[in-house]
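These notes are about the structure you will find just below.
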Amino acid sequence: MERRIPWLWIGVAAALLLIPTSAGRLLLDVIGGLTLTLLLLPLLAGGAALIGWQLLRRRLRTCPSCGFASLGTDVCPACGSPFTAGDTPASAPGEPSGSIFWGPRSPAEIDARDVTITVDAVDVEATSSGDTGGRQGDGS
């Protein structure tokens, strides 16, 4: 037996949509809200996934010995070497150290007390006349 299409209910729903009553407006609001939710749901899920990925990436620690990335351990699960207390989560190999969106990471391997900056004074007039003070051709 073939099932009949409920034309009566389809007609009532169309009439409620076309007649400007409070029931028609309520039905249009519900349909509009459901449509908007279905359209925005992928964007909301993508934003939540992006935030979750960034939180996870901050907690990853890269082993200084073997380069294995692990989460929330004091000892590397791959090689067994301990993480030092001052370790900050570092970027993965091949990944840029900073980003436009999340800012630069602090370089944990360079201590400012151990760095020496050498400054060479160069006479501007001597340089413009062609005299470089014996440093010509050494590549610097």
Side-chain angles (χ1 to χ4, degrees):
M1 184 168 147
E2 188 177 329
R3 184 172 176 165
R4 301 185 70 187
I5 299 174
W7 290 109
L8 178 66
W9 292 111
I10 293 173
V12 169
L16 284 176
L17 287 175
L18 294 175
I19 299 172
T21 63
S22 60
R25 280 182 284 200
L26 178 68
L27 191 59
L28 278 177
D29 287 342
V30 168
I31 292 172
L34 288 174
T35 305
L36 191 61
T37 302
L38 287 175
L39 289 176
L40 292 180
L41 197 61
L43 293 175
L44 294 173
L50 181 66
I51 291 171
W53 172 247
Q54 291 304 316
L55 290 175
L56 178 69
R57 227 178 84 205
R58 280 191 201 147
R59 290 186 175 96
L60 281 176
R61 298 172 93 182
T62 303
C63 178
S65 300
C66 66
F68 184 79
S70 65
L71 186 65
T73 59
D74 292 332
V75 178
C76 177
C79 67
S81 65
F83 290 116
T84 59
D87 269 352
T88 57
S91 59
E95 182 180 296
S97 62
S99 173
I100 296 172
F101 301 110
W102 296 282
R105 295 176 190 256
S106 61
E109 67 274 356
I110 298 175
D111 189 11
R113 294 175 287 183
D114 298 334
V115 177
T116 304
I117 299 174
T118 306
V119 178
D120 292 331
V122 178
D123 188 16
V124 176
E125 293 175 8
T127 305
S128 63
S129 67
D131 180 28
T132 58
R135 294 175 57 106
Q136 185 176 11
D138 66 353
S140 56

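Since the structure is predicted, the reported quantities are computational estimates derived from the model, not experimental observations.
Scored by the side-chain contact (heavy atoms from CB on, under 4.5 Å) test, W7 finds I5, I10 as partners (sequence neighbours excluded).
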Could you pull out all donor-acceptor pairs under 3.5 Å where a side-chain atom in residues 30-49 meets a protein atom, sequence neighbours excluded?
residue : atom : partner : partner atom : Å
T35     : OG1  : I31     : O            : 2.8
T37     : OG1  : G33     : O            : 2.7

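Residues L55 make up the rest of the hydrophobic cluster containing I51, defined by ILVMFWY side-chain heavy atoms closer than 4.5 Å, directly or through other members.
Every pair passing side-chain hydrogen bond (donor to acceptor under 3.5 Å, both in side chains) that includes a residue from residues 68-78 is listed here, sequence neighbours excluded: S70-T73.
A 4.5 Å side-chain heavy-atom check between C79 and F68 finds every atom pair outside the cut-off.
Across every non-hydrogen atom of L71 and L56, the tightest pair is CD2-CD1, 3.7 Å.
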